[in-house]
Amino acid sequence: MQIFHNWSFDGHLLANHGIEILGHRSGDTVHMARLWDTSRQGRGGYKLSSLMQDLLGWGKTDMKEVFGRFKLKKDGTPGKVVYLPDSLTLQTDPNVTMFEKWIHYSTYDTICTWYLYFSLRKELENMSWSPDAIVYENELLKMRADRTLFTFYDCFWRPFGQILTDMERKGMYIDKDYLYQQAEKAQEDKEKRTESFMQWVRSLCPDGKYININSNPQKRHLLFSSITEPDDAGSREPHMRTFQVDNKVEEEEEREEEEGEEGEVLFLSPPRSKRSISLLGLALTPVAYTATGQASTAGQVIQKLAGKPFASPPSYGTAFKDLGGGEEGKAACEALASLLEGEAIEKLLSTFLLPLPEQTDEASRIHTSLNINTETGRLSSQRPNLQNQPALEKDVYRMRKAFSAPPGRKLIIVDYGQLELRIMAQMTGCRSMLDAFEQGGDFHSRTAIDMYRYIAEAVERKEVLLEWNSHDGAPPAPMLKDKFASERRKAKTLNFGIAYGMTKMKVARDWGVSLEEAEETIQTWYSARKEVKQWQEEVIERARRTGYTETFLGRRRYLPEINGRDGVGRGHAERAAINTPIQGGAADIVMMAMLKLRGEERIRRLGWRMVMQIHDEIILEGPEETAEEVFPLVRACMEQPFDSPLSVELPVDGSIADNWYEGK
DNA sequence: TCAGTCACG
DNA sequence: ACGTACGTGACTGAG
């Protein structure tokens with residue numbers, strides 16, 4: 001019997017030393033604890049010490065407290081900062097007491113994990129589990145009589161945990177040269193784009209050329225700060241503020257030039273790493289405020305200030321008027337638009353293009369950590385996060401091309417269509433949604449037909465088409481999603497928004513309509529989907545009564561705030577109560593699909609392995625020769641994650657590709 | 001360490 | 001009085 005507290009960590013560590021652990025892994029106490037209580041983050045989390053304290057009342061000191069050492073200062077004396085030396089240093093410490101401490105600590109750790117398993121197991125065994133009957137035919141589940149949350153753990157999450165560890169270990173192949181090449185391109189583009197912004201700032205105040213476009217405080221000050229409080233003489237001065245910024249390359253070049261002219265001595269004084277700059281506030285009108293009440297500098301805000309100065313004809317944003325129009329206003333809008341473009345590229349560079357190639361192993365593969373650590377049961381991906389790689393039009397440097405199959409191999413990339421909406425239809429039993437899915441075609445267009453009588457009439461008179469196969473030539477009438485694009489967009493927003501508990505305030509603000517109008521639109525959506533409203537009310541009511549909400553595989557999320565006195569917290573808990581069954585239900589389905597995939601001997605024998613999961617998408621890698629054979633098998637697993645079908649189909653789209661970009 | 005911002009589903 | 005759609009992780013500047 002093997003028990004681990006975070007098997008993924010220990011497993012990789014052992015494997016890296018050539019040690020393979022055979023036999024039955026009975027449990028991972030991190031996953032068990034997460035299943036027991038999803039919301040311990042901020043209440044001690046899932047650390048062994050905190051769980052031991054809360055479940056068994058056992059004290060346990062953190063490693064840092066026992067083995068931490070003071071970091072040495074430059075002069076060799078101990079400083080205040082405590083750090084934890086690596087395990088090899090600790091194990092080989094010549095001090096015998098340290099060695100004994102190490103043995104004691106490790107032993108105690110092991111004992112804790114052992115007792116924690118049985119404690120958590122007991123907790124889970126005392127929690128009822130009533131999933132939808134469809135899962136009762138699952139191979140593992142069939143063989144046992146118990147039906148508690150521990151059963152769920154043992155039959156589903158325990159093997160799922162092993163799948164995740166295998167995926168982490170396998171990793172994804174990255175084309176590093178391609179990334180370097182794209183990063184260079186991005187760097188050039190960024191400089192080109194920000195040039196006009198930098199020049200504009202320079203024209204406003206002399207220190208403007210040193211502004212750091214990554215600093216929100218600096219941007220906020222430059223754009224929105226106005227005048228200071230009146231001084232003793234009662235006069236107001238334009239607001240100046242100083243910032244510390246890094247010395248840029250240009251400054252060092254200037255120094256070298258100056259000193260070069262002098263001829264002899266270079267670097268008389270060491271280069272300063274920081275310099276003070278003063279920026280003058282422009283007093284533009286803020287468009288939005290952050291949670292702490294400061295003027296926001298988010299992209300949407302800058303967009304509103306700038307307008308579309310490069311469009312033809314150009315349209316100028318709010319900065320134009322604020323600066324008195326004319327050439328000055330125009331220059332500001334153009335500069336801000338260029339800032340936006342530069343910022344977008346900077347984001348891609350600093351988060352994706354530059355760090356990724358640094359994080360590969362010697363085989364050019366990248367190993368993310370896949371955690372079951374969310375409130376809803378979704379996975380998260382860390383160090384690096386591979387679940388937020390730029391997609392579609394945001395992927396201007398074609399990042400996803402770097403995630404590729406090594407020579408001789410292929411990727412199979414598959415994803416569910418409208419998974420969450422289908423689960424919503426399934427759980428609510430909403431006739432209108434189920435019908436729309438049965439009829440097929442574009443779901444959001446069908447919602448638009450439901451909501452707007454004139455669209456329904458146009459469809460009836462065949463003035464617009466709901467769908468058209470482009471193989472049959474040009475469509476005989478315009479498409480609904482083109483002709484009624486804005487209605488379809490609204491329908492789409494509601495389809496998603498309502499699943500999350502969107503309110504009329506958000507609708508009114510996002511669409512720029514009155515509260516009454518927003519309310520009416522929401523009512524129209526609900527009027528054809530009464531089952532949804534009823535389901536949401538029931539779910540919230542049940543959550544108030546039981547203290548938790550659950551997915552249809554019977555996983556719970558406790559919502560202590562749902563009966564609290566804090567209105568904001570209560571509102572959030574209510575929205576979480578209706579969203580978690582949907583988001584978590586989707587996570588359950590993908591997990592079941594992955595278990596089924598892992599159990600398909602044929603797929604495995606042909607050498608195919610899962611390498612990534614992105615919530616409703618799975619990526620496998622395997623030999624080129626068998627891709628065609630394996631692809632339909634993969635699809636079948638995903639479309640039938642359970643032994644008996646749901647009341648909605650779960651269609652899966654996908655392709656065989658050389659890289660992630662092609663897969664879309 | 002926190003706040004702000006922005007990448008994903 | 002306040003904020004108002006769910007769930008994540010990474011990077012950056014600044015105190």
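Below, chain A is the first sequence line, B the second, and so on; all start at residue 1. Just so we're clear, the structure is a prediction, and the values are computed from it rather than from any experiment.
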Exercise. For A:Glu420, which contact category applies under a 4.0 Å heavy-atom criterion: base, sugar-phosphate, or nothing?
Worked result: nothing
For this session: May I ask you to say what A:Gly571 touches in the nucleic acid, namely base, sugar-phosphate or nothing, with a heavy-atom cut-off under 4.0 Å?
Result: nothing
Exercise. Checking all strands, does A:Phe496 fall into the base, sugar-phosphate, or nothing category for heavy-atom contacts under 4.0 angstrom?
Worked result: base
Problem set entry | Base B:dG9 to side chain A:Arg378, donor-acceptor N/O within 3.5 Å cut-off | yes
For this session: Just call it for A:Gln294: base, sugar-phosphate, or nothing, with non-hydrogen atoms closer than 4.0 Å on any strand.
Result: sugar-phosphate
Exercise. Counting any heavy atom closer than 4.0 Å, what does A:Lys504 reach on the DNA or RNA strands: base, sugar-phosphate only, or nothing?
Worked result: nothing
Exercise. So what does A:Asn388 hit on the nucleic acid, given a heavy-atom distance under 4.0 Å: a base, only sugar-phosphate, or nothing?
Worked result: base
Problem set entry | Donor-acceptor pair under 3.5 Å, A:Gln387 side chain vs B:dC8 base | no
Exercise. Which part of the nucleic acid does A:Gln583 contact within heavy-atom distance under 4.0 Å: base, sugar-phosphate only, or nothing?
Worked result: base
For this session: Using heavy atoms to find the nearest nucleotide of DNA chain C for A:Thr376 and A:Gln382 separately, return the residue whose nucleotide is more 5′.
Result: A:Thr376
Exercise. If only side-chain N and O atoms of A:Ser215 are considered, is one of them under 4.0 Å from the OP1 or OP2 phosphate oxygen of C:dA14?
Worked result: yes
Exercise. Which part of the nucleic acid, if any, lies within reach of A:Arg570 when heavy atoms closer than 4.0 Å are counted: base, sugar-phosphate only, or nothing?
Worked result: nothing
Exercise. Looking for any heavy atom pair under 4.0 Å, which part of the strands does A:Glu617 touch: base, sugar-phosphate only, or nothing?
Worked result: nothing
Exercise. To the side chain of A:Asn385, which of C:dA10, B:dC6, C:dC11 is closest?
Worked result: C:dA10
Seminar exercise, completed: Applying the 3.5 Å cut-off to both distances, the Watson-Crick or G-U partner of B:dA7 turns out to be C:dT8
Exercise. How is A:Ser296 classified with respect to the nucleic acid when contacts are heavy atoms under 4.0 Å: base, sugar-phosphate, or nothing?
Worked result: sugar-phosphate
For this session: Mind checking A:Gly299 for me? I need base, sugar-phosphate or nothing, with any heavy atom below 4.0 Å counting as a touch.
Result: sugar-phosphate
